Amino acid sequence: MNHWLLKSEPDTFSIDDLAARPKQITAWDGVRNYQARNMLRDSIKKGDTAFFYHSSCKVPGIAGIVGVVKSGYPDATAVDPKHHHYDAGSRPDQPTWYVVDVKLERKFSRVITLDELREHASKELADLALLRRGNRLSVTPVTSKNWNFILTLE
DNA sequence: GCCAACGTTGGC
DNA sequence: GCCAACGTTGGC
């Protein structure tokens with residue numbers, strides 16, 4: 001079982017939005033970056049867990065944990081012309097973009113802020129992709145060591 | 001709103 | 001295949 005970190009802008013889709021979904025499940029759609037796509041398609045598997053990260057907001061940080069309940073499958077929003085994530089270059093028979101389904105596992109009692117994570121950037125969290133300079137990937141892997149350490153920060 | 005960092009596009 | 005221009009991300 002592997003661990004991941006998924007970014008979302010809470011103004012668009014927050015952990016509370018996920019909590020309000022039927023069965024607290026959503027397709028993690030709209031990812032339009034090939035590196036991130038590869039992880040959604042090939043690496044992230046049912047049973048994996050991921051941090052739900054709030055980005056581009058007042059207090060960026062990890063808001064909780066989701067579980068992957070369905071492995072990668074084609075992103076329907078990519079081939080829906082009415083959808084704002086529509087990609088004219090993606091064909092239904094040869095999907096370019098993928099999603100996984102995630103289910104809310106737990107909302108943290110408080111957000112573990114980016115600032116806090118940074119305090120450990122040179123030690124415990126030295127290999128956390130999120131903290132690497134210039135990282136903009138919306139889907140990144142998290143080692144078990146990092147995962148467990150971050151859980152102790154809550 | 002600024003801007004650094006990075007990905008993508010497209011002309012050559 | 002190079003690389004400049006452009007668009008996006010995301011913290012501040």
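Keep in mind it's a predicted model, so treat the numbers as computed, not measured. Protein chains get the first letters and strands the later ones, always in sequence-line order, with residue 1 at the start of each. Only heavy atoms go into these numbers, but all of them, side chains included; no hydrogens, no water, no symmetry mates.
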What pairs of donor and acceptor atoms, side-chain ones from residues 119-128 of chain A against any protein atom, are under 3.5 angstrom apart with sequence neighbours left out?
{"unit_1": "A:His120", "atom_1": "ND1", "unit_2": "A:Glu124", "atom_2": "OE1", "d": "3.4"}
{"unit_1": "A:Asp127", "atom_1": "OD1", "unit_2": "A:Asn146", "atom_2": "ND2", "d": "3.0"}

Subject >> First and last nucleotide of DNA chain B, 5' to 3', lying under 4.0 Å from heavy atoms of chain A >> reply: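 For DNA chain B, the relevant span reads B:dA5 to B:dT8.
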Which residues pass the salt bridge (Lys or Arg N to Asp or Glu O under 4.0 Å) test with [X], not counting sequence neighbours?
X        : result
A:Arg106 : A:Glu154
A:Lys7   : none
A:Arg110 : A:Glu116
A:Asp42  : none

**OP:** Among residues two or more places apart or on two chains, list those pairs meeting salt bridge (Lys or Arg N to Asp or Glu O under 4.0 Å) that have a residue in residues 54-74 of chain A.
**Re:**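 As it turns out, there is no salt bridge (Lys or Arg N to Asp or Glu O under 4.0 Å) pair with a partner in residues 54-74 of chain A once direct neighbours are skipped.
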Subject >> Residues in contact with DNA chain B, drawn from residues 28-35 of chain A - heavy-atom cutoff 4.0 Å >> reply: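 Those residues are A:Asn33, A:Tyr34, A:Gln35.
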Original post:
Are the aromatic ring centres of A:Trp97 and A:Tyr73 under 6.0 angstrom apart?
Top reply: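 Aromatic pair excluded; centres sit 6.0 Å or further apart.
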Original post:
Considering only heavy atoms, which members of residues 50-58 of chain A lie under 4.0 Å from some atom of DNA chain C?
Top reply: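 Per residue number, the list reads A:Tyr53, A:Ser55, A:Ser56.
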Original post:
Of the residues in residues 108-122 of chain A, which ones touch DNA chain C at a heavy-atom distance under 4.0 Å?
Top reply: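 A:Leu114, A:Arg118, in order of number.
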**OP:** Applying ring-ring contact (aromatic ring centres under 6.0 Å, His included), name anything that partners A:Trp147, two or more places apart in sequence or on another chain.
**Re:**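 If we apply the ring-ring contact (aromatic ring centres under 6.0 Å, His included) test to A:Trp147, skipping adjacent residues, the hits are A:His3, A:Phe51.
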**OP:** Write down the atom of A:Ala129, the atom of A:Pro141, and the distance for their closest heavy-atom approach.
**Re:**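 For A:Ala129 and A:Pro141, the tightest heavy-atom pair comes out as CB-O, 4.5 Å.
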**OP:** Grab the two heavy atoms, one from A:Pro74 and one from A:Val99, that are nearest each other, plus how far apart they are.
**Re:**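 Closest approach of A:Pro74 to A:Val99: O-CG2, 4.2 Å.
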Subject >> Derivation and outcome, side-chain contact (heavy atoms from CB on, under 4.5 Å), residues A:Ser8 and A:Phe52 >> reply: CA-CA 7 Å; A:Ser8 184; A:Phe52 193 119; 3.9 Å; yes
Report all side-chain donor-acceptor pairs from residues 25-32 of chain A shorter than 3.5 Å, counting only partners two or more places apart or in another chain.
{"unit_1": "A:Thr26", "atom_1": "OG1", "unit_2": "A:Arg21", "atom_2": "NH1", "d": "3.1"}
{"unit_1": "A:Arg32", "atom_1": "NE", "unit_2": "A:His85", "atom_2": "O", "d": "3.1"}
{"unit_1": "A:Arg32", "atom_1": "NH1", "unit_2": "A:Asp75", "atom_2": "OD2", "d": "2.9"}
{"unit_1": "A:Arg32", "atom_1": "NH2", "unit_2": "A:Asp75", "atom_2": "OD2", "d": "3.4"}
{"unit_1": "A:Arg32", "atom_1": "NH2", "unit_2": "A:Thr77", "atom_2": "OG1", "d": "3.1"}
{"unit_1": "A:Arg32", "atom_1": "NH2", "unit_2": "A:His85", "atom_2": "O", "d": "2.9"}

